[in-house]
Q: 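My questions will all concern the structure given below.
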Amino acid sequence: MTSISTVTPANAGEPLAAWLQAAFEKAFGEAAQDTRLRVLPSTDPSFGDFQCNDAMGLAKTLRLPPRTIATRIVEALDTADAPATANIAGPGFINLAVTPGWLAGQLAALADDARFGLPDIGGGRTIIIDYSSPNVAKPMHIGHIRSTIIGNALDRLYQALGFKVIADNHLGDWGTQFGILINGFRAYADPGRLRDAPIEELERVYRESYARTEKDPEWLDACRAELVRLQQGDPDNLALWRQFIDLSLREFNRIYERLDVTFDLYRGESYYNDQLAATVALLEERGLARESEGALVVPLDDEGMPVCIVRKSDGGYNYATTDIATVLSREAEFQPDRIIYVTDERQQLHFRQFFAVCRKLGCTTRLEHVWFGLMRLPEGTFSTRQGNVIRLDALLDEAESRALAIIRESSPGMPEEQQQALARDIGIGAVKYADLSHDPQNMIVFTWDRALALDGNSGPYLQYAYARIRSLLDKYAEACPGCDPAKAPLLLQEPVERQLALQIMQYPATVVRAAENCKPSLLADHLYALSQLYSSFYQRFPILKADPAIRDSRARLCTLVARVLREGLGLLGIATPERI
RNA sequence: AGGCCAGUAGCUCAGUUGGACAGAGCACAAGAUUCCUAAUCUUGGGGUCGCGGGUUCGAGUCCCGCCUGGCCUACCA
């Protein structure tokens, strides 16, 4: 159950819904008991601030014209200290225009709440989020960015809502590719290149070795032999394997640092290696697995899915086995409430299958696959073979250098070091926002200009709005020493000021919705709308030069916009520099 | 062949339990800076919401059929 935070309800319309609900019950008695009226922000400011559409839906059950229902609700409203005026429009919409006093009071209550209205939904329960998960000995490319950025945003969102989040990087650090790599490494690796660009070198070695397996059977056998030796624990091969992981992690961590992404665990597939046999034994014990064409499979006809292979015909285990063992291990160690996997869309069937197997084993953890559309290039799918992969570090480099060019032009006086730090925040912010502002499930066609856009609906637009507020508030402090905007009464007179207040008040509900739907884009949209309102307000109305009471109120409104932007962008993992 | 997803303005995309004349950004056109950061703001044109049925007081949203595109469909992950 959702527990409501200290002062402010998560949905800004809730107090109004309660007000309408009381009138509804007064007017209709028992007939009203089973329904709860909902109040949502208006779809158009000209209708008012909030609206309730439920009278139309109730027409059937109450057997009355919707307009009559709406009228009777409105007539029964408690008018003493009413938070809003209500009127009926169209077939039975109840439009609510809230009083300035109510609006100011609600906003002030939100401002005084330490959690800014975010409810503690988690109550300390544990969620494991499994994301990023690149393959060892291969460079991270733009195909990894969505999992990393979306996963990290979910990490931050759930933490903000009171969950204990364990971010687990389930590295691809085990499997047949290591036989090819070890054998190739001994034959082809160049120490100099390995020192200068380790991952490129490992990748080159792998490609060369792999190519040879296709035309040289003896080579292929040698690779297989190395793999067997590794799996049997041969010290030399293990040492090499550890070196590959070590080199890869160093490279990955450089990128994670640039992206401000951190993990609580780095448990690759190899971590579960010694649990695979027991996992399969358990499946057999429970009578869930059977032989088929030499492999061991779990039939899933009852779920309408093809069989799930848990042991290959050569006796080896595959990813399904590892994933099942991973769930069992996580349940035993962490007792998580949920496990969320963030991967691309191609793995949907695999996840549905192994989730089903887990349920058959009696797992009670809520397992969830958050999938996202594959990123592709305008000319088609990117692929290693065609060499049209865009490496993640190259993307980030380009993002930063584009940002730096603009900063040098617009802020030539800024110290070089500060320009570069700013370019990092803005460039990385642009890349992250370009991803997070889209619904994860939509495919993204990658173009440099779109991924690195610095105007319009972009990360820098939001960062710019924030920096302008900071600058303005500094000037306010100078102009009015000793003034505390937090104590100023809120006078929300202009329509755009009311809209700003309403938008801010929807922030907690938006965070909840973004987390529950695993769609950070919902929060990104909200922050963009807030920035648009603010930019319009800023451009059209004086703040520092307004009459003192108005000036102080507007300064306070600015502090609240800044707070939402800083905290909201923070939940998306996007930095908010104080100066641009 | 079956499954999942998508199809909304020239382009990229939003669009809470079905709700009021379908919204942004980019691009295009015209304007705004002696004044709090113009990476901004204001105004304008522009859409048979893939097609056809159905349910409903009401459908971009739900149901059925079709068209187009992407991905998946047993020993890669």
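Residue numbers start from 1 in every chain, and the chains themselves are labelled A, B, ... in the order their sequence lines are given, proteins ahead of strands. Given the structure is predicted, the values throughout are model-derived calculations rather than measurements.
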Q: Looking only at side-chain N and O atoms, does A/Thr326 offer a donor or acceptor that is under 3.5 Å from a partner on A/Asp323?
A: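 No, because no side-chain N or O of A/Asp323 sits under 3.5 Å from a partner of the opposite role on A/Thr326.
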Q: Going by side-chain hydrogen bond (donor to acceptor under 3.5 Å, both in side chains), name the residues that satisfy it together with A/Tyr266, two or more places apart in sequence or in a different chain.
A: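 side-chain hydrogen bond (donor to acceptor under 3.5 Å, both in side chains) list for A/Tyr266, sorted by chain: A/Asn253.
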Q: Look at the aromatic rings of A/His369 and A/Phe351 and report parallel, tilted or perpendicular, splitting at 30° and 60°.
A: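 Rings of A/His369 and A/Phe351: parallel, as their planes differ by under 30°.
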Q: Set out, line by line, the N/O atom pairs under 3.5 Å between protein and nucleotides 74-77 of chain B.
A:
from  : atom 1 : to       : atom 2 : distance (Å)
B/A74 : N6     : A/Glu293 : OE2    : 3.0
B/A74 : N1     : A/Ser292 : OG     : 2.8
B/C75 : O2     : A/Ser313 : N      : 2.7
B/C75 : N3     : A/Ser313 : OG     : 3.2
B/C75 : N4     : A/Glu293 : O      : 3.2
B/C76 : OP2    : A/Lys312 : NZ     : 3.2
B/A77 : OP2    : A/Tyr319 : N      : 3.2
B/A77 : O3'    : A/Glu269 : OE2    : 2.6
B/A77 : N7     : A/Tyr319 : OH     : 3.0
B/A77 : N6     : A/Tyr319 : OH     : 2.7

Q: What's the closest nucleotide to the A/His438 side chain, out of B/U12, B/C36, B/U16?
A: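 In terms of side-chain proximity for A/His438, the closest of B/U12, B/C36, B/U16 is B/U12.
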Q: Starting from P on B/U37, measure out to CD1 on A/Ile407 and report it in whole angstrom.
A: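 Result: 18 Å.
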Q: Distance check: side-chain N/O of A/Lys475 vs OP1/OP2 of B/U37, anything under 4.0 Å?
A: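 Yes, within the criterion.
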Q: Sticking with atom P, work out how far B/A22 lies from B/A59, rounded to a whole angstrom.
A: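 B/A22 and B/A59 have their P atoms separated by 13 Å.
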Q: Hey, are A/Ser521 and A/Asp439 close enough side-chain-wise for a donor-acceptor pair under 3.5 Å?
A: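 A/Ser521 and A/Asp439 do not have a side-chain donor-acceptor pair below 3.5 Å.
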Q: Check every strand shown and say whether A/Asp474 touches a base, only sugar-phosphate, or nothing at a heavy-atom separation below 4.0 Å.
A: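 No contact at all - A/Asp474 keeps every heavy atom at 4.0 Å or more from the nucleic acid.
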Q: Using 30° and 60° as the class boundaries, would you call the ring planes of A/Tyr341 and A/Phe354 parallel, tilted or perpendicular?
A: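 Plane angle over 60°, so perpendicular.
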Q: Taking OP1 and OP2 of B/C41, is either one under 4.0 Å from a side-chain nitrogen or oxygen of A/Ser536?
A: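 Checking B/C41 against A/Ser536, no side-chain N or O comes under 4.0 Å of OP1 or OP2.
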Q: Taking a pair as Watson-Crick (N1 to N3 plus N6-O4 or O6-N4) or G-U wobble (N1-O2 and O6-N3), both under 3.5 Å, which stems of 3 or more consecutive pairs involve RNA chain B?
A: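 Ordered by first number, the stems with RNA chain B (at least 3 consecutive pairs each) read B:1-7 with B:67-73, B:10-13 with B:23-26, B:28-32 with B:40-44, B:50-54 with B:62-66.
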Q: Please determine if A/Arg551 forms a cation-pi arrangement with A/Tyr476, meaning its NZ or CZ atom is less than 6.0 Å from the six-membered ring centre and no more than 45° off the ring axis.
A: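 Judged by the rule (NZ or CZ under 6.0 Å from the ring centre, within 45° of its axis), A/Arg551 is not positioned above A/Tyr476.
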Q: Can you tell me if the side-chain N/O atoms of A/Asn442 get under 4.0 Å from OP1 or OP2 in B/A14?
A: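 For A/Asn442, the contact criterion (side-chain N or O under 4.0 Å from OP1 or OP2 of B/A14) is met.
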Q: Establish, for the pair A/Lys312 and A/Tyr317, whether the NZ or CZ atom is under 6.0 angstrom from the six-membered ring centre and no further than 45 degrees off its axis.
A: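 So A/Lys312 doesn't make the cation-pi contact.
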